[in-house]
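Taking it in order: structure first as structure tokens, then the write-up.
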Amino acid sequence: MSSSWGVTMSKPQLEVIKFSDASSSFISEYDGVSYKIWNEDDKRILKIRKEIRDYYIPRQKNLCAYCRQDLLTTDGNVWTVEHILSKSKHPKFLFEPLNLALVCRDCNRKKSAKEDLINITLSSCEEYPQKSDSFNIIHPHFDKYSLYIEIILQGGRYIYNPLHPKGRKTIDVCDLTRYAVIEVTAIKCDDLNDHYKKLLLETDDDDDDYVLSDDAKLALKARIERIFERERERGMVFNRDFVP
């Protein structure tokens, strides 16, 4: 199936959470209005938030749903549960599994409760939208990220290249250009260059099968440098999809 912008919709990118019996019991009593309970210190809410983190972190490959940067931790001070449709503007979807994902705190703060992230009008009786086309930004459950945004590493900085209007909207809403102006913790091309040259050029003096002649070493070194020079020019493209 294709969207109105010509992008073929991919298979679901995240399997929705199935809450525990205790959490489901609490959720069943929610009135669909009092969204502020989300930030209360009620042990039941804290348990639900942890349940969501524990479920989605491995399924998202430790990647933020919007910037797709690695967050190699399960710490709740680093991760935040994201309500794709704002809980303040759409409180009835507070516990809707399709409305939940995990993001870094910067993306959550930048996105906040933006108004224009949905292409349809939701009445009080409507169900949660089931199609990608209903949303103006990349939906972590519905959209294959690489169809909308290309992430390129250039000189230790991440460049977010929009491939589609939803990609551009996501970049704007979450201010992903912030990665183009700050250094990030990542392996740079120069570091990879040195690493692979060392790895490929080292020999074992005790094993003749792995000893390279000086000419072969020079030829290999020149080949590696040509490869990495091309990588410097075009940058390294990362695939950060949750599923193939």
CG of Asp21: more than 12 outside heavy atoms within 6.0 angstrom? no
Are Lys111 and Ile137 side-chain neighbours, meaning at least one heavy-atom pair lies under 4.5 Å? yes
Indicate yes or no for a side-chain donor-acceptor contact from Asp70 to the backbone of Leu63 under 3.5 Å, with no hydrogens or angles considered. no
Heavy atoms only: give me the nearest Leu163-Leu147 pair and the separation to one decimal. CB-O, 3.7 Å
Taking all heavy atoms of Pro162 and all of Arg168, pick out the closest pair and write down the distance. CG-NH2, 3.3 Å
Please answer whether the main-chain N or O of Ser146 pairs with a side-chain N or O of Asn239 as donor and acceptor at a distance below 3.5 Å. no
Please confirm whether Arg68 makes a cation-pi placement over Phe242, using NZ or CZ under 6.0 Å from the six-membered ring centre and within 45° of the ring normal. yes
Donor-acceptor contact present, side-chain Arg53 to main-chain Leu102, <3.5 Å: no
pair Ile151-Tyr179: side-chain heavy atoms closer than 4.5 Å: no
Could you point out which residue of Tyr128, Tyr35, Tyr30 forms a ring pair (Phe, Tyr, Trp, His ring centres under 6.0 Å) with Phe93? Tyr128
Taking everything shown except Lys61 itself, do over 12 heavy atoms lie less than 6.0 Å from its NZ? yes
Restricting to salt bridge (charged side-chain N to carboxylate O under 4.0 Å, His left out), what partner residues turn up for Glu150, sequence neighbours left out? none
Just how far is it from atom CD1 of Ile149 to atom CD1 of Ile138, taken to the nearest 0.5 Å? 3.5 Å
Below 4.5 Å, heavy atoms only, C-beta onward: do Leu117 and Ser86 meet side chain to side chain? no
CD on Gln130 to CG on Leu98, rounded to 0.5 Å: 5.5 Å
Minimal heavy-atom distance between Thr74 and Ile57, with the atoms involved, is CA-CD1, 3.8 Å
Do you know the tightest heavy-atom contact between Lys47 and Ser20? NZ-OG, 3.2 Å
So do Pro97 and Glu15 actually touch side chain to side chain, heavy atoms under 4.5 Å? no
For the pair Tyr160 (side chain) and Cys67 (backbone), establish whether a donor and an acceptor sit closer than 3.5 Å, ignoring hydrogens and angles. yes
Please collect all ring pair (Phe, Tyr, Trp, His ring centres under 6.0 Å) contacts where either partner lies in residues 41-85, sequence neighbours excluded, each pair once. Trp38-His83, Tyr56-His141
Atom pair CG/CZ of Leu153 and Phe238 - distance to nearest 0.5 Å: 4.5 Å
Quick check: closest heavy atoms across Pro140 and Ile84, and the distance to 0.1 Å? CD-CD1, 3.8 Å
Could you walk me through whether Thr177 and Asp175 pass the side-chain hydrogen bond (donor to acceptor under 3.5 Å, both in side chains) check? CA-CA 5 Å; Thr177 56; Asp175 188 27; 3.1 Å; yes
What's the spacing between Asn99 CG and Leu85 CG if we round to 0.5 Å? 4.5 Å
Verify, without hydrogens or angle tests, whether Thr170 (side chain) and Lys166 (backbone) share a donor-acceptor contact under 3.5 angstrom. yes
Answer yes or no: is there a donor N or O on one side and an acceptor on the other, between the side chain of Ser134 and the main chain of Pro129, under 3.5 Å? no
Holding to side chain to side chain donor-acceptor pair (under 3.5 Å), I want the full list of residues that pass it with Lys50, two or more places apart in sequence or in another chain. Asp54
Donor-acceptor pair, side chain of Asn108 and main chain of Val103, under 3.5 angstrom: no
Over 60° means perpendicular and under 30° means parallel, so classify the ring planes of His164 and Tyr148, tilted if in between. perpendicular
For Thr121 against Glu126, the heavy-atom pair lying closest together: O-OE1, 2.8 Å
Contact check, side chains of Ile37 and Asp42, non-hydrogen atoms, under 4.5 Å: no
On the 0 to 90° scale, with breaks at 30° and 60°, tag the Phe142-His139 ring pair as parallel, tilted or perpendicular. parallel
Any heavy-atom pair between the side chains of Asn136 and Ile118 that's under 4.5 Å? no
Just wondering, do Glu82 and Thr80 contact through their side chains at under 4.5 Å, heavy atoms? no
Are any non-hydrogen side-chain atoms of Gln13 and Asp143 less than 4.5 angstrom apart? no
